[in-house]
Amino acid sequence: MNFKRNTAELLSALTGIDVPTLLPLIEVPPKRDMGDFAFPCFSLAKTLRKAPPVIAQDIAGRFPLQDGIARVEAVSGYVNVFLDAEAVARETLRSVASAGSRYGASDEGQGRVVCMDYSSINIAKPFHIGHLSSTVIGHSLYRIYGFLGYKPIGINHLGDWGTQFGKLIVAFQRWGDKDAIEAGGIKELLTIYVRFHDEAEKDDALNDEARAAFKRIEDGDPEALTLFQWFKDITLRDVGKIYDVLGIVFDSYAGESFYNDKMDRVVDELEKSGLLVLDQGAWVVNFPEKDHMPPCLVRKADGASLYITRDIAAALYRKEHYDFYKSLYIVAYQQNLHFKQLFRVVGMMGYDWAKDMEHVAFGMVSIEEGTLSTRSGRVLFLQDVFEKATEKALELIEEKSPDLENKREVAAQIGVGALVYGTLSASRIKDINFSWDRTLNFEGETGPYCQYTHARACSVLRKAETLPAEVDYAELSDDYAQALIKLIAAFPEAVQRACAENEPFVVTRAVTEIAQAYNKFYFEQRILDAPPSTRAARLALTDAARQTIANGLYLIGIAAPERM
Ligand code: ARG
């Protein structure tokens, strides 16, 4: 049973306000003696032409005491609802136990496809920390949507087109060493790419060569295509290691080059609908004045297409191929204008589903070593960041539990968990500054802290050996147990909200609060050595906390080791 919803339904019957409007108005008071839920009556004063305390009195007086509601009080304009602690404990623990790893899941999205363009790395360029956000946020949304019954389609819209491939071919043919690249991967590709730039500064003819080489790819020259494919394979092999660590699988790797033969149609359509305008030899789409957007260039004078041309083709392809309900683009906010233009152009082409596309933007990530940029030459490879995180986690484990069996594996889970948590610990639009000490701490709001709490609950349950068959839920009426139970009960709502707002951070928050509440409960109450009936109930609560934390960590893409 959803107590908040139930309270909203009862309130709805008394006030005539519909449940969706009421739900966000219901507050959770800071102190338990103010009730489990509070409904402020101030906003009703105008329509009802009565003072808020009078309205509150009236509602409280008529409130039915049923479905786990113990009593209702009116206090200075608020209706305070007190739940029956035993009923709350019973309903919550039973639903966690029966749903297990599906606790918080639903089928609200049944039959709805959601395309998610995320990670979307650039070939032969390092996967940098900025791509980490897209990857981590996208992966979490992928799991959240899947958990709620949607059919997510993960698309890695590879940046696999452009003149840089001509440069790479020239660089490889002049200075490249096949074995070195096979062994060194992206880093080695980047080395010859940087060399190309250095040498081209002295000798401009190299740039012409690169253009000619790219033209050979465009014209389908077999040798050029083989090299191009090889650069892609090398990049994907390297990046694949990171995806493996994170547990990510994409449904499609259709990148920019995939749309090469799908853009003429876009240009034709734009032309037929009279949207295409010739501007200094190039083809552009102009926006109405009120949009305040610069024109969108779709075909250059030399006939070349652009990033946005490929995105228009991709949008049409995704709609036709997947018939999406929603199509999300998890991309940094620097590309705000690009996506505004994209959605607008598709809308102007007459596709009403343009409204179903959404830019899920996020802020900048910097790591204490300094902000990262490829140009400054101070590139931080994600692979190295993961390794560093794992090393640091290993140091922590050596200190805390030197006897742990699979130290390396757990260290990787903690290190990666710390990075993922760091990325999802604030609303996605905020800029994030990574600090190793803060991120890899077992205390405070961190990934390792949540993982550690989960392992702690597992350890309690291991020591108990068996879970109780019978539980007297009245044993869970104390403040610590009740605070924890309420957070567990609110978990499904957090998952729904994360989905509705495309904000995995809402789940991170929920998991963190449950972990904090479990730790308080664990330190304040005896569990294993409590009297039998109390022990049984507290073990059942420990199990519910363990399960909910595990589900939450899964949804943000973090492993939940049982020992650490
Ligand atoms: N490859 C691009 C980048 O690294 C991101 C692509 C995002 N997806 C898209 N459909 N435009 O900036």
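Quick caveat, the model's predicted, so the values are computed rather than measured. In each ligand, atom 1 is the first atom listed, and ligand 1 is the first ligand listed.
- Relative to the six-membered ring of F147, R102 meets both conditions, a distance below 6.0 Å and an angle of at most 45° to the axis.
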Check: residues 272-287 side-chain donor-acceptor pairs under 3.5 Å, at least two apart:
from	atom 1	to	atom 2	distance (Å)
S273	OG	E269	O	2.6
S273	OG	L270	O	3.3

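- The immediate protein surroundings of ligand 1, defined as residues with any heavy atom under 4.0 Å of it, consist of D117, S120, N122, H131, H157, Y307, D311, Y329, V331, Q335, F339.
- No option in F196, Y193, F165, W230 other than W230 meets the ring pair (Phe, Tyr, Trp, His ring centres under 6.0 Å) test with F172.
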Tabulate below the donor-acceptor pairs under 3.5 Å that side-chain atoms of residues 200-207 make, not counting sequence neighbours, or state none.
from	atom 1	to	atom 2	distance (Å)
D203	OD1	A205	N	3.1
D204	OD1	N207	ND2	2.9

Using the rule given for salt bridge (charged side-chain N to carboxylate O under 4.0 Å, His left out), can you reason through D244 versus K241, listing the C-alpha separation, both sets of side-chain angles and the distance that settles it, and then say yes or no? CA-CA 5 Å; D244 285 349; K241 289 181 200 149; over 6 Å; no

Identify each donor-acceptor pair in which a side-chain atom of residues 290-298 lies under 3.5 Å from a protein atom, sequence neighbours left out, and give them as a table.
from	atom 1	to	atom 2	distance (Å)
D291	OD1	R344	NE	3.4
D291	OD2	R344	NE	2.5
D291	OD2	R344	NH2	3.1

